[in-house]
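The next block holds one structure in the form of structure tokens; read it before the comments.
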Amino acid sequence: MLLPEPIQDLINAFSRLPGIGPKTASRLTFYLLRAQDELSLDLAEALKNIKSGTSYCQTCYNITTSGRVECEICASPERDKSLVCVVEEPLHVLALERTGSYPGVYHVLHGALSPIEGIGPEDLRIRELVERVRSGSVKELILATNPSMEGDYTAAYLHQQLLPYGVRLTRLARGLPVGGDMEYADQSTLLRALFGRQEMS
Amino acid sequence: MVTQDGTAQPDALHRQRSFRVEAVVLRHSDWGEADRLLVLYTLEMGKLRALAKGARKPRSRKAGHLEPYTRVSLQLARGRDIPIVSQAETLDPYLRLREELLLSTYASYVVELLDRFTYEEGENRSIYRLLADTLSRLCTQSSPELAVRYYEIRLLDLLGFRPQLFQCSSCGAEIQPQDQFFSAALGGVLCPQCGRDTAGALPVSMPALKYLRHFQRSSFSEAARVTLSAGINREMEALMQHYLTYLLERGLNTPAFLRRVRRIDQDEPPIAN
């Protein structure tokens with residue numbers, strides 16, 4: 001089928017997004033074509049700003065508004081700068097912030113190590129983290145990488161790298177999820193839940 | 001055909017709606033909103049891809065059983081194009097591989113080798129057993145290096161790339177007990193005369209060759225009686241890496257990690273590649 005070039009261009013652009021196939025891409029394109037002008041203009045504006053309007057916080061490497069040196073969390077005087085939580089993705093900062101009770105600051109690695117996929121330390125913000133620890137103001141690092149093989153691997157690697165600096169290294173606890181069922185728990189989770197059991201008070 | 005205990009036979013994939021496999025999880029990648037795409041090596045069907053729905057949600061009943069380097073028993077349902085995991089139960093979690101950086105890296109190497117050499121094309125029970133045995137040896141043996149060197153040699157055997165270690169690969173003369181050469185292109189050792197004239201042939205010392213031959217001919221329990229010195233291990237590793245890279249026509253990802261992790265662990269100088 002022959003389509004005018006602008007339409008085909010947009011379909012191609014959409015289909016490069018994760019989870020969007022050629023059919024969805026054409027559906028979205030034709031929806032935008034028929035919808036009110038401002039919908040596509042707003043979208044275009046938002047797309048334009050997503051890169052130009054954002055930058056990395058120079059302390060924790062979370063995403064922040066461009067022009068700022070530090071993100072709101074790092075700049076806040078209320079936050080304990082000696083407690084740093086290391087996470088894989090900016091979205092994980094949001095998840096932790098939703099708990100509303102974490103007093104410290106963050107460090108975003110932007111991924112996890114994966115020997116098989118060839119994602120090495122130089123692909124992540126690991127050098128920056130080591131630098132941050134070396135500078136001496138950090139007392140405790142909470143390694144909050146995903147409880148998956150890659151996340152564990154990253155935590156083990158960071159542990160090895162940061163041990164010489166004498167900083168306290170902790171890993172998020174692992175155990176049974178709220179609303180879960182013992183019947184379905186796997187051995188490694190159950191074992192960790194058992195070893196990490198807590199006194200009832 | 002499905003046997004009484006529900007074990008799937010190779011053609012079960014095309015007949016049964018639901019079938020059971022025993023597998024080692026090789027890799028996983030994110031798929032869609034909360035799913036994971038798994039690459040498995042199964043006992044019954046060789047390499048197989050499967051989709052684990054909802055495995056990225058914290059309350060998933062399957063996720064904990066489907067981490068890489070876990071040996072699992074799986075119930076799979078035929079999906080539209082790839083099978084979907086309906087039940088999962090861990091047979092062996094190989095816990096130490098998750099806790100120790102060096103072992104974890106070795107396990108990645110073992111899995112990467114298998115993944116790169118195999119296609120989704122039918123069962124190979126010997127390869128499956130070798131994989132499961134090697135992962136469990138990494139957890140239990142005192143020398144992960146020995147387990148990995150043995151794995152390399154056996155894997156090459158099972159894949160049909162058994163290196164010729166007893167005769168010169170060029171002139172056919174029997175190999176004498178002295179330092180020799182190894183040619184990846186010819187797939188074996190060369191006597192000193194042929195080795196000097198062959199481009200790209202690597203020197204190989206007599207002790208390293210002795211261990212390679214021993215591993216090629218022996219069971220693991222026999223092979224495990226030897227003690228590999230660090231120097232010999234490094235020579236064998238470099239030689240195998242050279243041969244494997246030649247066969248794969250592309251470098252592997254994990255050796256760089258191994259070098260890095262070991263360097264911090266033992267303060268070894270980096271090994272030239």
Side-chain angles (χ1 to χ4, degrees), chain A residues 17-21 24 88-89 91-92 95 111-123 126 130 145-164 171-172 174-195, chain B residues 25-33 35-36 39 55-70 72 87-95 97-113 115-116 251-258 260-261 263-265:
Chain A
L17 298 176
I20 295 189
T24 316
E88 288 179 20
E89 300 292 342
L91 282 174
H92 299 177
L113 296 175
S114 171
I116 296 189
E117 311 291 337
I119 302 170
E122 57 288 340
D123 300 316
I126 287 184
V130 175
T145 48
N146 274 338
S148 64
M149 188 273 287
E150 290 83 1
D152 284 344
Y153 191 85
T154 311
Y157 182 80
L158 289 176
H159 174 252
Q160 198 189 45
Q161 291 276 307
L162 297 169
L163 212 55
R171 181 99 171 94
L172 282 193
R174 201 171 309 186
L176 300 167
V178 179
D181 193 321
M182 292 277 286
E183 190 189 343
Y184 293 105
D186 57 283
Q187 285 94 313
S188 69
T189 305
L190 212 47
L191 213 61
R192 284 182 171 117
L194 205 55
F195 286 132
Chain B
V25 183
L26 301 182
R27 285 192 290 133
H28 63 190
S29 49
D30 291 354
W31 188 266
E33 180 75 10
D35 307 340
R36 270 208 176 112
V39 180
R56 269 149 69 208
K57 293 183 186 161
R59 234 184 272 173
S60 165
R61 289 163 176 177
K62 292 173 286 216
H65 300 277
L66 298 173
E67 282 293 298
Y69 341 133
T70 311
V72 278
Q87 285 172 42
E89 205 190 333
T90 305
L91 297 173
D92 196 336
Y94 303 118
L95 272 185
L97 302 186
R98 264 149 255 286
E99 285 159 359
E100 291 174 38
L101 190 62
L102 184 64
L103 292 184
S104 189
T105 317
Y106 272 123
S108 311
Y109 173 68
V110 164
V111 161
E112 187 187 19
L113 264 193
D115 188 32
R116 294 281 284 275
L252 291 152
N253 284 329
T254 41
F257 274 84
L258 270 173
R260 195 192 299 263
V261 167
R263 198 151 66 219
I264 320 169
D265 237 25

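Throughout, a chain's letter reflects where its sequence line sits, starting with A, and its residues are numbered from 1. Every heavy atom of this structure was used, including side-chain atoms; hydrogens, water molecules and symmetry mates were not.
- By number of non-hydrogen pairs under 4.5 angstrom with chain A, the leading residue of B/H65, B/E100, B/E112, B/E99 is B/H65.
- Among B/P93, B/G32, B/S108, B/A256, the residue making the largest number of heavy-atom pairs under 4.5 Å with chain A is B/S108.
- With rounding to the nearest 0.5 Å, the separation of CG in A/D152 from CG in B/L97 is 11.5 Å.
- Proximity of B/R260 to A/P121: side-chain heavy atoms (C-beta onward) are separated by under 4.5 Å at one or more points.
- B/L258 does not touch chain A: none of its heavy atoms, backbone or side chain, sits under 4.5 Å away.
- We find the NE2-CE distance between B/H28 and A/M149 to be 5.5 Å, quoted to the nearest 0.5 Å.
- At a 4.5 Å heavy-atom cutoff, the contact between A/R192 and chain B is made by side-chain atoms alone.
- Note on B/F257, B/Y69, B/Y109: by heavy-atom pairs under 4.5 Å with chain A, the leading option is B/F257.
- Contacts with chain A were tallied for B/R27, B/K62, B/Q87; B/R27 has the most, counting heavy-atom pairs under 4.5 Å.
- Contacts with chain A were tallied for B/E67, B/E33, B/R98; B/E67 has the most, counting heavy-atom pairs under 4.5 Å.
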>> Before you tell me yes or no, could you show the steps for B/T105 and A/Y153 under side chain to side chain donor-acceptor pair (under 3.5 Å), namely the whole-Å CA-CA distance, both residues' side-chain angles and the distance that decides it to 0.1 Å?
In response: CA-CA 8 Å; B/T105 317; A/Y153 191 85; 2.6 Å; yes
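- Proximity to chain B is absent for every atom of A/A155, based on heavy atoms less than 4.5 angstrom apart.
- Checked by atom type and distance alone, the side chain of A/Q187 pairs as donor or acceptor with a backbone atom of B/T90 at under 3.5 Å.
- For A/E183, no part sits under 4.5 Å from any heavy atom of chain B, backbone or side chain.
- Here the CD1-CG distance, from A/I116 to B/N253, works out to 9.0 Å after rounding to the nearest 0.5 Å.
- The two atoms that bring B/L95 and A/L191 nearest to each other are CD1-CD2, 3.0 Å, heavy atoms only.
- With chain B as the partner, the residue from A/P177, A/S148, A/G19 showing the most heavy-atom pairs under 4.5 Å is A/S148.
- Chain A forms more heavy-atom pairs under 4.5 Å with one residue of B/P68, B/S60, B/S29, B/A63 than with any other, namely B/P68.
- When each of A/L176, A/I119, A/D181 is checked for heavy-atom pairs under 4.5 Å with chain B, A/I119 comes out on top.
- Under a cut-off of 6.0 angstrom, the local environment of CD in A/E122 is crowded, with over 12 non-hydrogen atoms contributed by other residues, nucleotides or ligands.
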